[in-house]
Amino acid sequence: MNPLPTMPHEYRLRLPGPVAVPARVQQAVSECVLNHRGPEFRAQMAAMQERIRPVIGTDHNVLVYAGSGTGMMEASLVNVCAPGEAVLACVNGQFGQRYASIARSLGLDVEELEFAWGAPILAEAIAEKLKTKRYRAVTVVHNESSTGMIADIAAIGAAVRETETLLLVDSVSGLGGMPMRQEQWGVDVLVSASQKALSCPPGMAFASIGAKARAVIEREDRLPRFYLDFRKALKSIDENETPFTTPVSLVAGLVESLQMMHEEGLQNVLVRHTRLAESFRRGAAALGFSIYGDPSLLSNTVVALEVPEGVNGGAIVKMMREEFHTIIAGSRNKLQGKVIRVGTMGDFDLHDVLTDLTLLEKTLGQLGVKVTPGAAAEAALQAI
Ligand code: PLP
């Protein structure tokens, strides 16, 4: 047998998810495993539901699955679509494309409503499309992690609300770090996951179902579904149970991370994300990075930076890891080498931002870019 891999001594996880998990959450995850059908766990699930509903902006309980965000994207489609129904997939980045690919793989009649990467998704364009055909669903990514762009879900919801079409929203990397008002904005199915702005380990995913979607989900003629059948989950969630084994340790972790968010104040959490993401961008600009995307819709949770001329993004990511044990992301798509991304989500603070910027400054210097020592941290501090 090969020896066990050793854990890195220093390790700064600064990805756009998964994120570093705060000590309180780690502690909660490591408590004893509860019986998923017992009263202790049901109390924990109730505490989780009570704390997550205001983050989502819903009065309903949220469906909980062992799985990842992609699983919930697929679940949203199999539960609302009948074979061959039409889906309008809004695409302005990699995860918008993923929603479209999942829908295609399910045999649905998929039409992509394409916008340039980094450009906004226009609610008016969706409204125009909905006049031309009966789409069962529109898919939109709330926070496009590949580009650091947000979608105006309130405007898109207003365009879809009065139609027969359902609005499916991926807020895998937004929920917890960006405002979400599911019921007010008319989001019919909202999907998310544990490992991003909710500051938990990966492995748990959610779907929050609105009333308009529920009526469709209950129909017998939808796509084949078993584990992901929302009807089963809807039956037991108000009893604080899930149809199959719940990832109980992750629920315990989520209760704790949500509790931390409530202690800070949900509004304060959002303000912290906004201020620190902006401060990060100002600091990065002082290093010669350009901010990727339309400036009116920049994400609070993912900072996407175009690398300076003559530098490869992959080299920055590699040096940050090898020299400084700091894990940031490059791009695994058409922006590869050109855009790097850093998570500004979850339990992070100004010290993280200043450390990241200082290490990026060192990295660029070592890669031969002319930088002014201290300029990035100074710009970040001035912005705050
Ligand atoms: N959607 C968005 C916006 C994401 O950022 C991600 C993951 O990075 C996903 C979906 C997929 O989530 P998962 O990797 O948990 O399947």
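Each ligand, and each atom within it, is numbered from 1 in the order the structure gives. Hydrogens, waters and symmetry mates are skipped; everything else that's a heavy atom, side chains included, is used.
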**OP:** Take Lys129 and Val138 through the test side-chain contact (heavy atoms from CB on, under 4.5 Å) and record every step on the way to the result.
**Re:** CA-CA 10 Å; Lys129 276 282 173 195; Val138 173; over 6 Å; no
Subject >> Audit row: Arg222, Asp229, salt bridge (Lys or Arg N to Asp or Glu O under 4.0 Å) steps and yes/no >> reply: CA-CA 10 Å; Arg222 302 297 95 184; Asp229 190 339; over 6 Å; no
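In terms of protein heavy atoms, atom 1 (N) of ligand 1 is closest to Asp170 OD2, 2.5 Å. Nearest protein heavy-atom contact of atom 5 (O) of ligand 1 is Ser145 OG, 2.4 Å. Nearest protein neighbour of atom 6 (C) of ligand 1, counting heavy atoms only, is Phe95 CE2, 3.3 Å.
Against a heavy-atom cut-off of under 4.0 Å, Ser68 is close to the following atoms of ligand 1: 13 (P), 15 (O), 16 (O). Which parts of ligand 1 touch Met73 is read off a 4.0 Å heavy-atom cut-off, strictly below it: atoms 10 (C). Less than 4.0 angstrom separates some heavy atom of Val172 from each of these atoms of ligand 1: 1 (N), 2 (C), 4 (C), 6 (C), 9 (C), 10 (C), 12 (O). When each atom of ligand 1 is checked for a heavy atom of Ser173 under 4.0 Å away, the hits are 3 (C), 5 (O). Close approach of ligand 1 to Asn143 is summarised as follows: ligand atoms under 4.0 Å from at least one heavy atom of the residue are 3 (C).
Here the side chain of Ser257 pairs a donor or acceptor atom with the backbone of Leu198 at under 3.5 angstrom. Between the side chain of Thr58 and the backbone N or O of Gln182 there is no donor-acceptor pair closer than 3.5 Å.
By the criterion of a heavy-atom distance under 4.0 Å, neither the backbone nor the side chain of Glu144 is placed next to ligand 1. Only side-chain heavy atoms of Arg98 come within less than 4.0 Å of ligand 1; its backbone N, CA, C and O stay farther off. The part of Val141 lying near ligand 1 is the side chain, judged by heavy-atom distances below 4.0 Å. Here Thr70 has heavy atoms under 4.0 Å from ligand 1 in both its backbone and its side chain.
For Arg42 and Glu239, the salt-bridge test fails: no basic side-chain N is under 4.0 Å from an acidic carboxylate O. Remark: Glu162 does not engage Lys212 in a salt bridge, criterion side-chain N to carboxylate O under 4.0 Å. Salt bridge present: Glu278 and Arg281 bring a charged side-chain N and a carboxylate O closer than 4.0 Å.
Ligand 1 has a nitrogen or oxygen under 3.5 angstrom from a nitrogen or oxygen of Gly69.
At a 4.0 Å cut-off, not a single heavy atom of Met72 sits close enough to ligand 1 to count as contact. In this structure, His142 does not count as a contact residue of ligand 1, since none of its heavy atoms falls inside 4.0 Å of the ligand.
Nearest residue to atom 8 (O) of ligand 1 from Met204, Gln94, Arg341, Lys196 is Lys196 (criterion: closest heavy atom).
Side-chain polar atoms of Glu378 and Gln382 form a donor-acceptor pair below 3.5 angstrom.
Of the residues listed (Glu128, Glu111, Glu85), the one engaging Lys133 in a salt bridge (Lys or Arg N to Asp or Glu O under 4.0 Å) is Glu111, and it is the only one.
Classified by interplanar angle (parallel below 30°, tilted 30° to 60°, perpendicular above 60°), the ring pair Tyr65/Phe230 is tilted.
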